[in-house]
Each structure stands twice: as C-alpha cells, then as structure tokens.
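Notes follow once the structure below has been shown.
These numbers come from a predicted model, not from an experiment. The residues of the chain are indexed from 1 along the displayed sequence.
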Amino acid sequence: MTAPVSFLWPGPVPDVAPAEVDAKPGAFRTGEEAWVLQTCLRLQAAGRSAMLVSEPPADGILVYHARHEPLVAASTRRRSGPLLVVVRGERSRPLLAHLEIVQNGRGADRRRRYFVPHWPQPGLRPRRGARGERLQRLVYLGRVINLHPQLMTDRWRRALADFGIEWILEEGPGWQDFSAVDAVLAIRPPGRYKNLLKPATKLQNAWLAGVPAILGPEPAFRELRRSDLDFLEARDLPGALDAVRRLQDPELYRRFAGRCRERGPAFSAGSCLARWERLLYDELPARAPDLLAAGPRRRGLIPFGRRWAVEE
C-alpha cells in the first residue's frame, strides 16, 4: 500500500504545527484531539507520510475516532476504499471498521484489535529534584467529576492537613506541570462501567514525571503492574489515607520515585511514536490485502468478568 496514512478530522483544524505539539498542550484535551490530531502531527514531525482529511479518502489507511464513525459509514458502501482503523476510546457499542485501536490491553487480540498506549501529556514537566524525598503536595490532575466523591470532602482535606500535606485539585490547564508535585492521586467514583475502558495515562504520566501515584483498582493500571513499587492502589478515602501514610516514609518515597525512572521511558512520546510507526507503516500495510478483502465488520466490546466478550 503506497497511499499515505490519513486521519479523519472534520471541521476546523487547530492552529498547531507538527513541531508545536509539546508547546501547545491545551490543544489536545479531548479524545479526538489526543488520539487523532496529535498522532497525525507527531508522525508528520517525524517525517512520516500522514495527513488530516475532512472526509474518507479513496484508498490507503484511514484512522478515525469512534465519535466520527457516522462520517465513515458511507465509505463502506463502496466496493473499494481505505483500510478503516477506528480508535475505540471509551465506546463499548458496536463499531464498524477493519481494525480497532484500544486504549488498554484488556481488549486487544492483535488480529482485529491493537493496543496502543495513550500519548503522554504533551509538554510534560517532571518533578524538580530539589523538592527532595518528602510528600508535601498531593495533586489530582483531571476533571473533578472523575474523582471519588469521598476525596472532595472536608474529612479528606482535614486528614491531609493533619499530615502537613497540601491537597491540590488541578482541573486544567496545567495538567502538564508536575514540577511542584510530590505525588498524584487518581481514584475514580466506583461502579462506573467506563472505568474498565480507561487508559493508564495517569500512571504513565506519573512515571514520566518521577512522582509516586495513588490509583484506583482499574484494569489499565493493574495490567502494567510489575512490582509493588509501580503504584499504590486504593479504593476509597481510608485506602488513600493508608497510602499517604506509607509515602510519609522518606526511604519508601525514594524507592517509588526510583521505580518511576525505570518504568517511564517505555511510555515516552518517542516510544509511543515508534509503536504507531510499526503499526501504520509496517504491520497494517502487510495485512491490508486480506483485511480489505474480508471487509469491515461491526464489533462490540463487552466486559465480562476478567475477560472481554466480543459481540458481532
């Protein structure tokens, strides 16, 4: 397949040049911006043939977000067309495509579903080493709607104050700045179906920033765990307080921070770029004739126990 790789982007294109991704982190806050726009720009910056298109091309490989599937459906009525690669995101409903990109390994099979880690936060600034090995500032980076309600109470704030810890809720736009962060916390409200579909971005960013992480019991985090030092897991306020108590030990804090330096490089922007390059320019072109002959299929991803059931 010689046609360039295309990324579907209907509507106005943000004013971000390929070399400016890390300088303009605010341009990549939605799923479509992070997965489609950012991937295309980073490939272009690396010298790869990639382009944004407002409608499906006649051939080649087309990458698009699940939210834009209706715009792609018409192309499946043609006898020929591009290889359709949909980024599933947090969609569990059936999607029409030849292949899917899933954002944690739980749903991947490397036949019709490929796991590609989410990009790290553009322009990420790591923790300053001069802050030492003490937990003084605990930060949540994200929208408060995705934070466990027990961690927005006076009880939680008072408990942290008793430890001498400053608690920061950062809803943006400073998600890339870990320079004055000593640890991150990300425990989502329990019982949410989409928790099963989330990526491990918060853990990967923490590793790259060199800060310990206190995280909820989500599949994306657990599948990356190789050591007890990778992150601290907590389900609720009591569990989070226990994790905070543990990180009060300077020696244990130092070990967690050291583990970050070991794990982070595998999830850098360069490592993520290499995965996309192998997939789009090596693996998929080799498989394209067979996949195009078989045609796109509609698939649904349904969590069932510890496995995924496929509904077609």
Are any side-chain N or O atoms of [X] and backbone N or O atoms of [Y], one a donor and one an acceptor, separated by less than 3.5 Å?
X	Y	result
R157	M152	yes
D109	R112	yes
E20	V16	no
N205	Q121	yes
Q38	A34	yes
D182	Q136	yes

Side chains of [X] and [Y]: do they bring a donor and an acceptor to under 3.5 Å?
X	Y	answer
T153	Q150	no
T39	W119	yes
R48	Q44	no

Output yes when [X] and [Y] qualify as a salt bridge under the 4.0 Å nitrogen-oxygen rule, no when they do not.
X	Y	answer
R287	D290	no
R143	E171	no
E69	R91	no

Once rounded to the nearest 0.5 Å, what's the spacing between atom [atom1] of [X] and atom [atom2] of [Y]?
X	Y	atom1	atom2	result
E100	R297	CD	CZ	11.0 Å
F267	W207	CZ	CH2	5.0 Å
E32	L8	CD	CG	10.5 Å
C40	M51	SG	CE	8.5 Å
Y140	W175	OH	CH2	7.5 Å
L215	E233	CG	CD	8.5 Å

Nearest heavy-atom pair of [X] and [Y]: which atoms, and what distance?
X	Y	value
A243	L232	O-CD1, 3.8 Å
C260	P212	SG-N, 4.2 Å
P189	N195	O-ND2, 3.1 Å
G142	K202	CA-NZ, 4.1 Å
R127	G210	CD-O, 4.2 Å
K24	D15	NZ-O, 2.8 Å

Assign the ring pair W9 / H68 to parallel, tilted or perpendicular, where the plane angle (0 to 90°) is split at 30° and 60°.
->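 It falls in the perpendicular class, over 60°.
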Flag this pair as yes if the NZ/CZ of R134 is under 6.0 angstrom from the six-membered ring centre of Y253 and inside a 45 degree cone about the axis; otherwise no.
-> no
If Ile, Leu, Val, Met, Phe, Trp and Tyr residues are connected whenever their side-chain heavy atoms lie under 4.5 Å apart, and connections chain through other members, are F28 and I101 in the same group?
->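 Yes, because F28 and I101 connect within a single hydrophobic cluster, where side-chain heavy atoms sit under 4.5 Å apart.
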Are side-chain heavy atoms of [X] and [Y] found at a separation under 4.5 Å?
X	Y	value
L247	I214	yes
W156	L241	yes
F115	E223	yes
E170	V181	no
V116	W276	yes
L138	V244	yes
R88	V86	no

Run the numbers on Q204 and T201 for side chain to side chain donor-acceptor pair (under 3.5 Å), then give the verdict.
-> CA-CA 5 Å; Q204 295 162 194; T201 318; 5.1 Å; no
Steps toward side-chain contact (heavy atoms from CB on, under 4.5 Å) verdict (F7, V53) = CA-CA 6 Å; F7 290 80; V53 296; over 6 Å; no
I would like to know whether L224 and R222 meet side-chain contact (heavy atoms from CB on, under 4.5 Å); could you show each step before the answer?
-> CA-CA 5 Å; L224 295 184; R222 288 180 169 180; over 6 Å; no
Of K198, R235, R188, the one forming a salt bridge (Lys or Arg N to Asp or Glu O under 4.0 Å) with E218 is R188
List the steps and the verdict of salt bridge (Lys or Arg N to Asp or Glu O under 4.0 Å) for R42 and D22.
-> CA-CA 10 Å; R42 287 196 184 273; D22 288 311; 3.0 Å; yes
Could you pull out all residues at least two apart from H148 that satisfy ring pair (Phe, Tyr, Trp, His ring centres under 6.0 Å)?
-> none
Should the heavy atoms of other residues, nucleotides or ligands under 6.0 Å from CZ of R192 be counted, would the total exceed 12?
-> yes
R125: partners by salt bridge (charged side-chain N to carboxylate O under 4.0 Å, His left out), with sequence neighbours left out |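 By the salt bridge (charged side-chain N to carboxylate O under 4.0 Å, His left out) rule, R125 matches D177.
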